[in-house]
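Throughout, a chain's letter reflects where its sequence line sits, starting with A, and its residues are numbered from 1.
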Protein chains: 4
Amino acid sequence: MNKVILMGRLTRDPELRYTSNNLAVCSFTLAVNRGFAKQGEERQADFIPIVVWDKQAEFCSKYFTKGLQVAVVGRIQVRSWDDNEGKKRYTTEVVANEVYFADSKKSDIADKVQDPQLAEPADGFYPLEEDDELPF
Amino acid sequence: MNKVILMGRLTRDPELRYTSNNLAVCSFTLAVNRGFAKQGEERQADFIPIVVWDKQAEFCSKYFTKGLQVAVVGRIQVRSWDDNEGKKRYTTEVVANEVYFADSKKSDIADKVQDPQLAEPADGFYPLEEDDELPF
Amino acid sequence: MNKVILMGRLTRDPELRYTSNNLAVCSFTLAVNRGFAKQGEERQADFIPIVVWDKQAEFCSKYFTKGLQVAVVGRIQVRSWDDNEGKKRYTTEVVANEVYFADSKKSDIADKVQDPQLAEPADGFYPLEEDDELPF
Amino acid sequence: MNKVILMGRLTRDPELRYTSNNLAVCSFTLAVNRGFAKQGEERQADFIPIVVWDKQAEFCSKYFTKGLQVAVVGRIQVRSWDDNEGKKRYTTEVVANEVYFADSKKSDIADKVQDPQLAEPADGFYPLEEDDELPF
DNA sequence: TTTT
DNA sequence: TTTT
C-alpha cells in the first residue's frame, strides 16, 4: 500500500510532454502549506513534485494554472539515476492518479466535463512499457 | 488504522452543541460527489455525516457555512443504539480531526488565523470521558 | 474526493455472491481496533462493512478468512432503502478497490499471484449497470 | 492537507538518535512493493525513508526490526541542504505520526502495550524547537 | 431532510 | 527555481 493525498497550490503552470511512446505526461509542483502560521512568521510549505499520466495529464494541462488550489491522490515514487560524476542520486515524486479542483469556481468544471474516460482514472500502478520512460 | 479523507460541500450550516461535560461538538453533512457526470444525468453524491470535537468544532461552527467546499481527515466510527422498538440500530459517521477550506477565497483565513491551539489538532482517538457522550 | 484506508481483522469468512448481471461481489466486516488498550479495559473496535467487486471479490473470497488481518483502500458509500414500515433507512459501507494482506505469512501470496487483471484494480467508482444492484 | 499511508517492510533495523534538545528521532527505510509481480519478473519496490519523533520513535526502536511488515501514517517532507560543492540538494522523507504492526504475531503487542502516551500520537506538525534539527 |  |  502506497497512498498519498495532498492539497496545495501550483507553483507554476503545469508542463505537458510526451514519451517516445506518445503517452502524455504532465508535471507540476504543489506548494503544500504546513499547519497554521506562527505569530509574526510566514507559513512554511513543502514543495512536492507531481507527475500525472495519460488522459489525466491532458486534463491537468488544460485546466490547471499557476496558483490554483488542487487536490491529488497518488503514490510516492522514488527513482534513482546517476549524476554526471557517476554518483547515484534519488528523485522522489508523487505519481497522481486522481486530481481535483479545490477551488470553488473551478470545481464547476467537473459538473460540465463528461468525458467517460476521465471517469475511469488510470490506476495507481500505471502499466508503463519499457520505452515509456519519463521524458525528463 | 482507520483513516478517511473527504472533500465535499456542506448541505447545511453546521450545528454546534455541548456535551454535559461542556465539550464542544460540531456536526454537519458533507455531499461528496461521485466521479464525473454521465451524459444527460445529474452527478450522484454520498451524504456523509461528520462530527468534530473541541477547538476544531468551534472553528467549523465559526467559518463553515452551507454550500462551502471543505476537506476533512478523520476516522469512521460506527455507533450502535436501540430504537424505540428495542431493536439495535447502527449509525456511521466520520469523526474528523483535521479540517480544511477547499475554496480559494476562504482558504485565506488559514493564513490569518493564529490560534496556536488550532495548530495542534486533537488526535484521532479523542480521550472522551465517560460522560462525553454525543449530545444527539 | 472520497478515500478510506482501513486495517483490521475479518469478523467472519467473506461471502461471495453474484449480481443478476453475473458480476462477483464479496462482502465482509472488518473489526478495526481503536488506539491502544486502557488499563484493565478491552480494546474497543469499530465494525465496518466492506464490499468488493469483480476480480478483487474473487480474490478476497479465495484468500481471506475469519480473523485474518488485512488492509483495504476504498470509498465510503451511503445507500438509502425503505424498511418494511416504509421508513427511509441508511446503510453505510466501504466499497474497497484495493485489498492487501497485513499478515506476514499470507503476504507471501502476493509474490506468487500473477494474474495481470489483479494488477489493475477496478477504480473507485465502479461502473455499475442499472441491473447490477447489490444482491443483499 | 498532506497525508501519506504506507505499508511495507523495514530494509534494516531502525536507528534511534537524539537531537541536541534530547528529543528522540527514529529513522528507517520502508520497502513498499508495487502491485503484483509480472510473469517471470521480480516485484518492484519503492524505498522510502521514514522519520518518527518522540515517544513513537522509542516505540519503533523497541519493537521494529529488519524485515518486519508495518504500516505508517504521516506526511511528506522536503528538506533542502547544500552539498559540499555548495549545490542545493533536496531530501524527501515521510514524517510518520502513526505507526502500526502489519504482521499477525507482532500485532498482539498492541493489545498489551498500555502506555497512555502512545495512545496520543504526536500530531503531523510536530512543534519542533529551533534546535530540534534532524541529527543526520 | 441534502451541496455546487 | 517556488503557491495564496
Measure the distance from CD on A/Glu93 to P on F/dT2 and round it to the nearest whole Å.
19 Å
Distance, rounded to the nearest Å, where C/Arg89 contributes CZ and E/dT1 contributes C1'
15 Å
Using atom CZ of B/Phe28 as one end and atom P of E/dT2 as the other, report the distance to the nearest whole Å.
19 Å
Length of the line joining B/Tyr100:OH and F/dT4:C1', which is rounded to integer Å:
16 Å
Please give, in whole Å, the distance from F/dT3 P to A/Leu30 CG?
13 Å
Between A/Tyr100 and A/Phe59, is the ring centre distance below 6.0 Å?
no
Is there aromatic stacking of A/Phe47 against F/dT2, centre distance under 5.5 Å, plane angle under 30°?
yes
Kindly point out which of E/dT3, F/dT2, E/dT1 is positioned nearest to the side chain of C/Lys88?
E/dT1
Look at the side chain of A/Asn33 and decide which nucleotide, out of E/dT3, F/dT2, F/dT3, has an atom nearest to it.
F/dT3
Counting side-chain heavy atoms from CB outward, which of E/dT1, F/dT4, F/dT1 is closest to D/Tyr90?
F/dT1
Residue set satisfying salt bridge (Lys or Arg N to Asp or Glu O under 4.0 Å) with C/Asp82, at least two apart, ordered chain then number -> none
Residue from C/Ile76, C/Val32, C/Leu30 passing side-chain contact (heavy atoms from CB on, under 4.5 Å) with B/Ile76
C/Ile76
Expressed in angstrom and rounded to an integer, what is the separation of A/Asp13 atom CG from F/dT2 atom P?
17 Å
Measure from CZ on C/Arg79 to C1' on E/dT2 and round the result to the nearest Å.
19 Å
Let's see if you can work this out: which of F/dT1, F/dT3, E/dT3 has an atom nearest to the side-chain heavy atoms of A/Ala45?
F/dT3
Residue list, side chain to side chain contact (heavy atoms under 4.5 Å, CB included) with A/Arg12, at least two apart or on another chain
none
